[in-house]
Amino acid sequence: MAQPNPNAKKLREKLKEIRAGKSDEESKQALNEAVELMMSTPLILPVASQKESNPNDETLQADTAPKLSPFTVTNKKGLKLFPFFTSVELMQKFFDFPVQTFLTLSIGEYLPLLKQAQDVAGLVIDPSEASYPFPTSFLDALYQRMTKQAEPQKTTQNADSPSKSPANDDQENARKLQQALAGFRKQQDQDSYLKAAAALMNAAVFVPVYPPENQEVNPEPGQTQQMRPMLVAGKGQDERLFVFFTDYQQLTNFTKNAPVLPLKMKFTDLIPMLENTMKAVKGFVIDPLGVNLVFDTRFIKQFNQAYGKQSGLQMKESKDLLGTLSDPAEHNQDLEAALISGGFHIPEISKMFLKEQTDSKTGQVSWFVLVESDKHDPALFSELAKTLGKTAGNREVGFMFITPQQSAMYAKEAMPLYARM
């Protein structure tokens with residue numbers, strides 16, 4: 001389950017103070033503090049992910065690209081606003097239908113698109129709580145002022161002790177992503193491909209998006225402002241790919257004077273859009289003027305199923321992890337039988353060792369399966385996990401590929417749970 005936004009509770013409290021309106025001075029202070037929190041707190045924007053093409057058509061023309069359509073709401077004064085939420089629960093409470101697709105982003109990152117939106121006056125946070133509307137002009141002016149104030153602080157900051165912030169985390173994850181992509185470009189093997197995919201799951205990317213168009217919209221399930229992500233041609237004549245960038249400079253180098261806006265998003269929040277458009281768009285390319293790597297959506301979908309936060313599975317390549325594993329204190333015959341059956345039905349698996357791991361902080365024990373395989377493919381773990389059913393009990397199950405050398409080392413200590421005949 002996703003962790004709650006660290007500042008979401010504080011933001012909700014400040015919004016309540018604004019609505020309370022005890023005095024002009026207190027309301028003004030609460031307003032400034034609320035906007036400052038908004039600029040640093042990830043918020044949830046519900047969207048409709050639409051396919052503007054025939055679902056049976058395997059090709060996609062540039063002018064019929066899939067569109068992300070953020071919902072809009074109208075307040076009592078007739079102002080059209082984008083609804084942002086501090087939690088998924090509040091979002092689902094507000095709508096009378098299940099919202100399946102949403103983006104997680106900060107207001108600072110969304111401002112360029114907010115300013116371009118047709119007939120949208122601003123945004124409202126947690127509208128089910130009768131929240132305060134924020135006009136676009138006010139947000140933009142305050143954001144510009146905050147940005148200018150931050151520049152002197154940045155130049156005087158001690159380079160040896162940078163402050164811990166979401167921006168620093170983004171920069172670190174972007175650096176790791178660029179290194180992982182460069183590693184795959186150099187090695188061109190399955191392990192480096194997996195590491196690059198893992199780095200993508202932890203990083204944010206820049207998506208070039210065409211501004212919302214002034215057009216009549218369908219009022220059901222709500223009015224929308226449509227944003228069209230840029231597409232590029234793939235190797236095939238009719239093949240289309242989304243294009244993502246690891247940093248803003250890579251995006252500007254490629255798009256140049258194209259009328260697009262940069263939308264910075266966590267890669268994991270893009271996966272629903274990728275899955276919904278698989279028939280029309282095969283995948284995506286990262287930094288076409290840099291590493292120029294293409295990822296197939298089917299692979300990312302399999303990878304997310306195997307290693308995503310909701311899967312209960314883990315992808316680990318650290319050698320330090322192996323030192324934390326131990327032989328199971330008790331046998332689980334149902335789990336062992338299921339793993340052996342999975343080994344028989346997946347020909348790529350040559351050996352499996354069943355271990356357990358105890359979390360040093362929580363004391364929670366999980367199963368861990370070490371797999372020696374001819375092919376390091378995350379789909380293998382998904383297939384293997386399906387055979388387990390409920391045999392793991394209340395424990396999570398982690399999987400890790402090991403090399404033949406590591407497998408030989410473990411075989412000296414204990415017989416493998418499964419060995420290919």
Side-chain angles (χ1 to χ4, degrees), residues 45-71 97-104 190 193-194 196-198 200-201 203 205-213 215 217-218 220-222 224-245 254-255 258 260 263 265-288 292-311 375 377-383 385-386:
L45 175 66
V47 301
S49 181
Q50 302 175 343
K51 288 182 288 186
E52 301 293 324
S53 60
N54 187 333
N56 297 320
D57 188 358
E58 295 293 331
T59 67
L60 186 69
Q61 302 301 318
D63 59 350
T64 58
K67 298 175 181 179
L68 296 176
S69 302
F71 296 159
F97 55 88
V99 178
Q100 298 180 341
T101 307
F102 52 88
L103 310 179
T104 303
Q190 190 71 20
Y193 194 27
L194 288 171
L200 266 174
M201 295 295 171
V205 294
F206 285 89
V207 185
V209 183
Y210 293 102
E213 302 167 356
Q215 57 185 324
V217 294
N218 187 343
E220 296 294 337
T224 62
Q225 289 282 320
Q226 295 183 329
M227 300 179 295
R228 185 159 51 92
M230 175 181 280
L231 294 179
V232 296
K235 290 183 178 179
Q237 183 177 0
D238 297 322
E239 183 180 286
R240 295 291 184 268
L241 300 170
F242 292 108
V243 55
F244 304 147
F245 301 89
F254 182 81
T255 57
V260 295
L263 183 61
M265 291 180 57
K266 292 181 180 178
F267 179 79
T268 49
D269 291 329
L270 286 166
I271 291 178
M273 181 191 74
L274 293 172
E275 292 180 351
N276 288 341
T277 57
M278 283 178 63
K279 288 187 176 181
V281 185
K282 182 179 180 181
F284 58 93
V285 58
I286 293 277
D287 290 349
N292 191 31
L293 287 176
V294 174
F295 286 82
D296 192 296
T297 297
R298 286 173 294 183
F299 171 81
I300 290 297
K301 182 178 180 180
Q302 292 171 343
F303 187 95
N304 189 47
Q305 290 172 344
Y307 300 118
K309 292 181 180 179
Q310 305 300 327
S311 70
K375 184 179 181 181
D377 188 337
L380 182 151
F381 287 165
S382 295
E383 187 177 351
K386 289 178 183 177

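Since the structure is predicted, the reported quantities are computational estimates derived from the model, not experimental observations. In what follows, every heavy atom counts, from backbone to side chain, and hydrogens, waters and symmetry copies are set aside.
Between Phe267 and Leu200, the shortest heavy-atom contact is CB-O, 3.2 Å. Heavy-atom minimum distance, Val260 versus Tyr210: CG1-CE2, 3.5 Å.
With sequence neighbours excluded, the residues forming a salt bridge (charged side-chain N to carboxylate O under 4.0 Å, His left out) with Lys375 are Asp377, listed by chain and number. When the side-chain contact (heavy atoms from CB on, under 4.5 Å) test is applied to Val294, the partners found at least two apart in sequence or on another chain are Leu241, Val285. Under the rule for a ring-ring contact (aromatic ring centres under 6.0 Å, His included), the partners of Tyr193 that lie at least two apart in sequence or sit in another chain are Phe184, Phe295, Phe299. The side chain to side chain donor-acceptor pair (under 3.5 Å) check on Asn292 picks up nothing, with sequence neighbours excluded. Residues satisfying the side-chain contact (heavy atoms from CB on, under 4.5 Å) criterion with Thr268, sequence neighbours excluded, are Met201, Lys266.
From Met265, atom CE reaches atom CG of Leu270 across 4.0 Å, with rounding to the nearest 0.5 Å. Note that CG of Asp296 is 4.5 Å distant from CZ of Arg298, once rounded to the nearest 0.5 Å. We find the OG1-CE distance between Thr297 and Met273 to be 8.5 Å, quoted to the nearest 0.5 Å. Between Ile286 atom CD1 and Phe206 atom CZ the span is 12.0 Å, to the nearest 0.5 Å.
Among the candidates Val205, Val207, Leu274, the single residue satisfying the side chain to side chain contact (heavy atoms under 4.5 Å, CB included) test with Phe284 is Leu274.
Salt bridge present: Lys282 and Glu239 bring a charged side-chain N and a carboxylate O closer than 4.0 Å.
In this structure, the side chains of Val232 and Pro288 stay at 4.5 Å or more apart for every pair of heavy atoms.
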